[in-house]
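Proteins get letters first, then strands, A, B, ... in listed order; numbering begins at 1 in each.
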Amino acid sequence: MSIEQAQVQQALDIFGDGTRLDILGENADLLRYAESEITAQHSERRLRVRVRINRNGRSVAGSLETLEPSAVQDLADRLTAALAELPSGPVQEAAPAADHSAPTPVIPASESVLESDPAVRHRWFATVRAGLDPSAKLGGAIRYEVLDRVVADSAGLFRAETLTKASIQAIAKQDGKSASVRLMHRDADQIPVEEIPGRLREALRPLPVAEAHHGTCPVLLKPQAANALIATYGYAVLGANAYATGRSAVSGRLGEKVASELITLVDDGCDPDGLPSGFDAEGNVRRRTPLISNGVLTGVVSDRRRAGLTGGVPTGHAVPDGWRFGGDPVPSHLLLEAGESTDDELLAGVGSGLVVNRLDYLRVLHPKETLVTGTTRDATYWAEDGKLVGWHPQVRFTFRMDDVMNAVLGVGSVRERCDQTFMESVVVPSLLIDAGPLVLP
Amino acid sequence: MRDIAETVLGLLPADVQYGDIRVVHRTHEQVLVELDGPGEVNYDDSLGLGLRVLIDGQWGFAATHRLDARGLDAVVAQAVGQARATGGGGHAVLGEPVTTRDAWSSPMDVDPFTVALSTKLDLLSTTVKEAATAGPLVQQIEASVDFYRDDKVFASTEGAMIEQMLTESGGGLMVNAGDGNDVQRRSFPQGVPRQIRGQRGDFATAGFEHVLSLGLPENAARIGSEAVALLTAPQCPDEITTLVAGSNQLAMVLHECAGHPMEADRALGTEASLAGGTYATPERRGNFRWGTPIVSAYADATIPGALGSFKYDDEGTPAQRTQLVKDGIFIGYMSSREYAGALGGQSTGQARADGWQRLPLVRMTNICLEPGESSLEEMIAGTKRGILVDTNRGFSIDDQRMNFRFQTEIGWEIRDGKVGRMLKNCTYQSDTPTFWGSLDALGGPDEWKVHGVPSCNKGEPLQVAHVGHGTVPGRFQNVQVGR
């Protein structure tokens with residue numbers, strides 16, 4: 001589904017001065033499976049046209065599913081009438097205009113996803129299922145999506161890109177235990193599907209069930225678990241508006257130590273290790289933004305309204321109008337720098353402690369205190385003397401993320417790419433957390 | 001829309017065993033006023049269709065916004081192609097055919113889409129001004145109203161043709177106060193556990209009269225004052241004690257402990273890779289003690305005005321009441337035609353899709369507690385030591401819907417039968433059967449109220465459902481509370 005520039009310009013002409021369009025053409029194909037059988041297949045095609053008009057200190061927004069002129073005119077009439085009724089105020093007047101001169105980063109689209117074929121997804125499913133023990137039950141989904149994006153405004157901005165993405169989630173259950181793998185890439189051919197059964201079989205290792213440990217101990221967060229921690233921390237803490245209004249736990253602490261010296265975190269929408277995208281919902285180019293360097297807070301992410309905190313230039317983190325997770329700028333492409341520790345070295349560092357493959361339903365209870373709660377899920381092990389000795393029962397952790405970030409003793413050398421419903425990509429290695437902040441109730 | 005549905009059904013090839021189409025036109029209006037802001041208006045309009053086909057026992061689904069001839073041909077080809085790609089061998093059982101032909105609109109007194117924008121802005125501006133009287137520690141105020149209309153047609157190869165129009169209205173207030181060290185939030189009439197703009201408060205399948213009935217301006221000053229007072233309130237102590245939970249707090253607990261776990265697709269494992277499974281497995285139906293004998297719960301999509309009400313679900317099955325828990329025992333599931341078939345029964349009418357572009361899933365409708373014989377006043381008076389909590393701030397529950405932790409926006413000590421000091425950061429932690437097994441009192445019919453929540457998430461791709469919860473206050477013994 002291509003979005004024609006002439007159609008976009010026609011819509012801009014109808015809406016008039018002060019208009020910004022954020023247009024998404026979505027093409028998604030999905031294969032879902034459960035209990036080792038296919039349960040659903042979807043093909044979804046959708047065009048979403050988001051409109052915002054800022055005029056004379058007033059702001060209105062709307063959306064529709066077409067660029068057909070009569071429908072655009074109908075919405076334009078409604079929005080114009082609403083503008084006339086709104087009192088004037090200081091809406092975005094102080095925000096800098098979009099930087100039209102900055103070139104749009106080029107993110108290559110992958111033919112492997114553009115040429116989406118249900119047969120490929122069926123082969124992936126068959127490969128993973130065939131590689132598991134027959135008694136294991138497979139669940140999960142394979143998704144291909146193509147996203148055509150355009151952000152344009154009445155002052156002449158026009159940015160366009162086509163983003164491709166393939167992902168596979170595989171959860172294997174066997175004898176009351178479960179293990180999961182989730183892989184994704186802009187290029188489907190780069191996903192090593194054939195490795196998934198082996199990873200699942202290894203995770204479903206035949207260990208006895210260990211007695212539940214109580215109290216604190218060292219905890220090794222494998223990449224999927226570290227992903228939930230880093231993404232949630234970044235979302236709650238590292239946005240410019242939360243920082244400026246005092247709602248962030250690190251407000252006023254630029255230049256201060258906020259995490260272990262082993263932590264170096266950046267946001268970079270163009271880094272191919274993540275799932276790159278070139279610009280945000282305002283059309284701002286995504287800029288590499290150092291956030292934490294060797295434990296010291298070095299930056300936050302911004303949109304046009306909060307660009308003053310980032311040198312007057314937005315970092316490219318404006319969120320779409322009507323976004324389910326709020327209206328403030330938040331990180332979109334986090335990358336945690338890899339360390340030097342191998343998996344064996346990290347496990348040795350655990351000594352007697354917990355190994356967590358996945359943190360689930362991690363929710364913020366108190367943003368200012370970075371207090372969260374969530375549970376372990378899938379393969380969770382107990383280690384003794386640096387060796388895995390048993391499956392540990394599910395644990396609910398309630399903890400302060402800033403305490404955990406300060407208690408990092410080791411960082412793995414291998415990173416994994418994943419996403420979150422509120423973040424486009426997160427690339428993290430394993431993290432070894434010292435005893436103290438994570439308490440097993 | 002009806003013509004489009006009939007055209008698409010006419011395009012289906014002969015090997016389609018079953019097909020249904022939903023053409024949905026959804027409109028949404030949001031008006032939002034913030035502290036020191038002039039207000040914002042948002043109009044959303046979405047029209048498209050979703051087609052589901054069953055071929056040799058395998059499903060295919062396709063959705064499109066393109067409603068011209070090429071778009072209709074393409075959506076049929078995609079849905080059929082998806083179903084055929086599996087190679088057959090599926091065993092979906094749909095039960096009795098649905099052949100209903102009907103048209104229905106949800107009742108309302110005042111169409112919210114005809115109310116002047118100035119009326120909505122005045123209501124919200126007054127609310128914000130009242131909340132701001134709490135003083136300079138108030139950092140953020142957001143008052144909003146949202147209105148939805150779904151105009152939809154359902155048609156199937158079995159002969160069903162159902163036209164429904166649902167109108168929903170809601171509104172709410174959120175106040176954040178901060179003193180540099182702490183940030184505290186109060187919401188009215190109920191909390192939303194995330195940072196979304198608008199779509200907060202209490203919703204109903206009703207017109208503008210529902211928004212007027214909420215009393216936003218009348219309660220705004222109190223909510224603002226409570227947000228400020230929480231900054232200096234003592235922390236909730238860590239202890240095992242008696243917990244008295246307000247009606248709107250229990251709404252979300254019921255949602256997580258009974259709503260999701262008793263959706264049949266979870267019980268049959270198809271959500272295992274997403275939100276997870278459930279403790280409410282088929283072999284436990286009829287013998288699993290979910291709570292004390294004083295508690296019974298049900299799903300009911302026929303409650304007039306409740307947010308999860310309709311006349312027919314998205315498979316054409318009539319709305320109905322389904323008993324989930326009776327006298328403390330788990331006894332029933334919510335289901336769709338396929339999942340009811342897998343469990344050996346008939347659909348209970350809970351197949352629902354988010355707009356036109358998503359596949360219908362088993363979704364809770366209005367999950368309700370049957371009222372008890374006590375009252376909030378009696379529960380407090382009968383408690384020597386405990387805490388009273390209200391308004392959900394956040395929660396997490398495990399993938400089997402057992403172990404949970406809820407946090408509330410506000411709490412108060414109860415000492416010797418009286419409400420005492422305000423407490424902040426109150427949380428409580430338990431697991432489903434232990435918690436409901438500690439229930440010793442429920443409010444009576446006079447305190448029963450339906451709370452409408454427009455933000456229930458499920459599925460992949462994620463779908464947002466509008467649901468209701470009919471609840472009363474409840475008292476629970478020996479609950480771990482803390483911050």
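A heavy-atom distance below 4.5 Å is found between the side chains of Arg324(A) and Leu462(B). Put simply, the side chain of Glu29(B) reaches to within 4.5 Å of the side chain of Arg78(A), judged on heavy atoms. Contact check for Gln394(A) versus Gln400(B): no side-chain heavy atoms found under the 4.5 Å cut-off. Put simply, the side chain of Arg405(B) reaches to within 4.5 Å of the side chain of Arg396(A), judged on heavy atoms. In this structure, the side chains of Val41(B) and Leu86(A) come closer than 4.5 Å at one or more pairs of heavy atoms. By the 4.5 Å heavy-atom criterion applied to side chains, Arg247(A) and Gln140(B) are counted as neighbours. Trp356(B) is listed as a side-chain neighbour of Arg46(A), based on a closest heavy-atom distance under 4.5 Å.
Within the 4.5 angstrom heavy-atom criterion, only side-chain atoms of Gln139(B), from C-beta onward, approach chain A. For Leu121(B), the part sitting under 4.5 Å from any heavy atom of chain A is the side chain, from C-beta outward, and nothing else. Of the atoms belonging to Gln480(B), not a single heavy atom falls under 4.5 Å from chain A. In this structure, chain A has a heavy atom under 4.5 Å from the side chain of His91(B), while its backbone stays farther away. Of the two parts of Gln429(B), only the side chain, counted from C-beta on, holds a non-hydrogen atom closer than 4.5 Å to a non-hydrogen atom of chain A. Heavy atoms closer than 4.5 Å to chain A are found nowhere in Ala92(B), neither backbone nor side chain. Only the backbone of Ala275(B) comes within contact range of chain A, judged by heavy atoms closer than 4.5 Å.
Looking at residues two or more places apart in sequence or on another chain, you find a salt bridge (charged side-chain N to carboxylate O under 4.0 Å, His left out) between Asp354(B) and Arg26(B).
Chosen from Lys368(A), Glu35(A), Gln169(A), His366(A), the residue pairing most often with chain B at heavy-atom distances under 4.5 Å is His366(A). Of the residues considered (Asn425(B), Leu51(B), Leu47(B)), Asn425(B) shows the highest number of contacts with chain A, using heavy-atom pairs under 4.5 Å. Ranked by heavy-atom pairs under 4.5 Å with chain A, the list Glu338(B), His28(B), Glu460(B), Gln184(B) is led by Glu460(B). Highest contact tally toward chain A, considering only Leu359(B), Val183(B), Asp182(B), Asp399(B), is held by Asp399(B) [criterion: heavy-atom pairs under 4.5 Å]. No other option in His122(A), Arg48(A), Arg143(A), Arg182(A) has as many heavy-atom pairs under 4.5 Å with chain B as His122(A).
Thr86(B) and Gln41(A) share a donor-acceptor pair across their side chains, judged by distance under 3.5 Å alone. Side-chain atoms of Asp29(A) and Gln78(B) include no donor-acceptor pair closer than 3.5 Å.
Among all heavy-atom pairs drawn from Tyr43(B) and Leu79(A), the shortest one is CD1-CD2, 3.6 Å. For the pair Ser396(B) and Gly374(A), the tightest heavy-atom approach, listed with the atom from each and the gap, is OG-CA, 3.7 Å.
From Gln82(B), atom CD reaches atom CG of Leu31(A) across 8.0 Å, with rounding to the nearest 0.5 Å. Rounding to the nearest 0.5 Å places CD1 of Ile397(B) at 11.0 Å from OG1 of Thr373(A). How far CG of Asp321(A) is from CD of Gln30(B): 10.0 Å, rounded to the nearest 0.5 Å. The OG1 atom of Thr27(B) sits 13.0 Å away from atom CG of Leu64(A), with the distance rounded to the nearest 0.5 Å. Atom CD of Glu65(A) sits about 3.5 Å away from atom OG of Ser46(B), to the nearest 0.5 Å. Summarising the geometry, atom CD belonging to Gln357(B) is positioned 14.0 Å from atom OG belonging to Ser43(A); distances are rounded to the nearest 0.5 Å.
Aromatic ring orientation, Phe395(B) versus Tyr361(A): tilted (interplanar angle from 30° to 60°).
In this structure, Arg52(A) pairs ionically with Glu40(B), as a charged nitrogen and a carboxylate oxygen lie closer than 4.0 Å.
Contacts from residues 264-272 of chain B to chain A, taken as heavy-atom pairs separated by less than 4.5 Å, involve Leu268(B), Gly269(B), Thr270(B), Glu271(B), Ala272(B) in sequence order.
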